[in-house]
Amino acid sequence: MFVAALALTSRSLAQRLDWVGVLQTVVLLMAVWWVWSVTALATDLYHAQRPPIFAMTLWVMLGTILMAGSLPGAFSDHALVFAGAYVAIHVGRGFFLAFTLHGRTARLHASRFIFWFVVSAVPWLAGGLMAGMARNLLWAAALAIDYGSAWLRYPTPQLGRVPTFQYKVAADHLAERYRQFFTLALGDLILVTTLTYADAEVTAERTAALLVSFAATVLLWQIYVHRAGALLQAAIQSSRDPGGFVRSAPNTHLLMVAGVVAAAAGFENVIAHPTERTTPWLAGVILGGPALFMAGRARFEYEVFSRVSPSRLVALLVLAVAAPALVLAPSLVAGVTAALVLGGVAVADGIRAHGNPPEPPAPAM
């Protein structure tokens with residue numbers, strides 16, 4: 001479900017490379033991401049093997065299909081369907097868990113979710129009925145409520161916040177959950193570029209662009225899993241504040257997933273028009289995607305080791321300098337540049353890993 005949603009998100013961006021398209025893509029991606037993130041947290045808090053959790057997951061899948069199907073028209077004719085599906089997923093999940101699970105702790109969790117998602121439902125649904133800037137502002141406010149309440153541990157009148165020690169249950173599975181979703185995001189990159197190549201006339205330039213996009217996909221995965229990706233679970237288990245990881249990991253990984261979505265939109269354009277001039281917006285997407293990923297990956301590394309490898313910062317600098325220099329160059333050149341920068345980071349990681357012994361994660365932050 002989420003591969004389809006991510007693919008439609010990146011395709012929407014590819015079809016509208018301007019400020020409006022970027023802002024709309026950010027809203028759509030944050031909504032899709034939050035459905036997955038809260039569902040992953042809920043399944044970990046309540047144990048996924050319980051029958052009610054399985055039924056709840058099916059409900060989320062159904063809602064995600066509606067969200068994905070309405071996503072291309074989310075800012076036009078299908079706005080209310082998109083917003084309604086999002087609200088139904090979160091509010092329905094909360095009420096379902098409150099009525100099917102036993103135990104005070106389980107119902108307290110569900111009640112906190114219900115309260116805050118009912119609050120954010122107002123601007124979500126109101127935005128679905130509005131148009132233009134009013135919709136954009138209402139949906140931005142709704143996302144601020146959703147993300148802000150989670151960061152504050154869902155402070156609810158008379159119920160208080162989610163106790164930090166209860167995040168330990170979710171933190172134990174955090175590394176696996178986020179590796180899974182990042183893999184799904186890379187699936188979006190593969191799906192979009194392959195479909196674009198299949199829909200166009202086969203030429204040497206388009207074939208080269210497809211190969212470059214595949215290389216970028218492999219490099220993104222390699223950079224993600226290197227060291228910090230492999231040691232995140234150990235870092236969480238050794239931390240005195242696992243809840244801090246649970247609350248920060250969604251934002252960190254959102255940056256990395258956004259980078260993959262942007263890269264997919266960029267490479268879609270490169271494969272479709274490999275010899276055309278690179279516009280400023282296209283250069284921003286092709287190189288900005290890896291830059292967003294690298295920024296999130298640097299934060300991810302800091303969460304595990306309390307430091308950032310210089311190669312991450314150098315890569316960000318090179319991408320920033322290269323973007324204006326590549327304007328008017330063939331788009332394939334911009335794609336190759338993005339892949340080369342990622343390749344340089346992967347090589348630096350490999351050299352460092354070969355020259356240094358495995359490094360334990362940093363103690364509690």
What residues, two or more places apart in sequence or in another chain, satisfy ring-ring contact (aromatic ring centres under 6.0 Å, His included) together with F182? Y224, F293

Kindly write out the residues that satisfy ring-ring contact (aromatic ring centres under 6.0 Å, His included) with F267, not counting sequence neighbours, or none if the list is empty.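 If we apply the ring-ring contact (aromatic ring centres under 6.0 Å, His included) test to F267, skipping adjacent residues, there are no hits.
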
State plainly whether one hydrophobic cluster holds both [X] and [Y], where clusters connect Ile, Leu, Val, Met, Phe, Trp and Tyr through side-chain heavy atoms under 4.5 angstrom apart.
{"X": "L255", "Y": "L23", "answer": "no"}
{"X": "L219", "Y": "V225", "answer": "yes"}
{"X": "L189", "Y": "Y197", "answer": "no"}
{"X": "M30", "Y": "L71", "answer": "yes"}

Any side-chain heavy atom of [X] sitting closer than 4.5 Å to one from [Y]?
{"X": "V270", "Y": "V212", "value": "no"}
{"X": "V333", "Y": "T278", "value": "no"}
{"X": "P290", "Y": "L319", "value": "yes"}
{"X": "V218", "Y": "F214", "value": "yes"}
{"X": "F115", "Y": "P157", "value": "yes"}
{"X": "L332", "Y": "T275", "value": "no"}
{"X": "E301", "Y": "S309", "value": "yes"}
{"X": "V35", "Y": "H90", "value": "yes"}

Yes or no on side chain to side chain contact (heavy atoms under 4.5 Å, CB included) for Y147 and L254, after CA distance, side-chain angles and deciding distance? CA-CA 12 Å; Y147 279 72; L254 175 59; 3.8 Å; yes

Regarding D349 and R312, does a basic nitrogen lie under 4.0 Å from an acidic carboxylate oxygen?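 The answer is yes: the pair qualifies as a salt bridge.
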
If we ignore hydrogens and angles and just use 3.5 Å, is the side chain of [X] paired with the main-chain N or O of [Y] as donor and acceptor?
{"X": "R112", "Y": "R161", "result": "yes"}
{"X": "W59", "Y": "A88", "result": "yes"}
{"X": "R11", "Y": "A265", "result": "no"}
{"X": "S70", "Y": "L66", "result": "yes"}
{"X": "R297", "Y": "I223", "result": "yes"}
{"X": "S331", "Y": "P274", "result": "yes"}
{"X": "T194", "Y": "L191", "result": "no"}

In the hydrophobic clustering (ILVMFWY, side-chain contacts below 4.5 Å, transitive), which residues join [X], or is it alone?
{"X": "L62", "answer": "none"}
{"X": "V321", "answer": "L317"}
{"X": "M133", "answer": "L137"}
{"X": "L328", "answer": "V327"}

Search all heavy atoms of [X] against all heavy atoms of [Y] and return the closest pair with its distance.
{"X": "A98", "Y": "I114", "answer": "CB-CD1, 4.2 Å"}
{"X": "V345", "Y": "S311", "answer": "CG2-O, 3.9 Å"}
{"X": "A121", "Y": "V87", "answer": "CB-CG1, 3.6 Å"}
{"X": "S120", "Y": "I145", "answer": "CB-CG2, 3.8 Å"}

Could you check whether W33 and F181 have their ring centres less than 6.0 Å apart?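 Distance test on ring centres: under 6.0 Å, yes.
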
Exceeds 12 heavy-atom contacts within 6.0 angstrom, atom CG of D199: yes

Decide side chain to side chain contact (heavy atoms under 4.5 Å, CB included) for W124 and D146; before the verdict, give the C-alpha distance in whole Å, the side-chain angles of both, and the deciding distance to 0.1 Å. CA-CA 11 Å; W124 272 116; D146 289 338; 3.2 Å; yes

Test side chain to side chain contact (heavy atoms under 4.5 Å, CB included) on N251 and W151; report intermediate values, then the result. CA-CA 10 Å; N251 300 326; W151 180 258; 4.2 Å; yes

Pair F117, F95 - check side chain to side chain contact (heavy atoms under 4.5 Å, CB included), show working. CA-CA 11 Å; F117 283 118; F95 277 108; over 6 Å; no

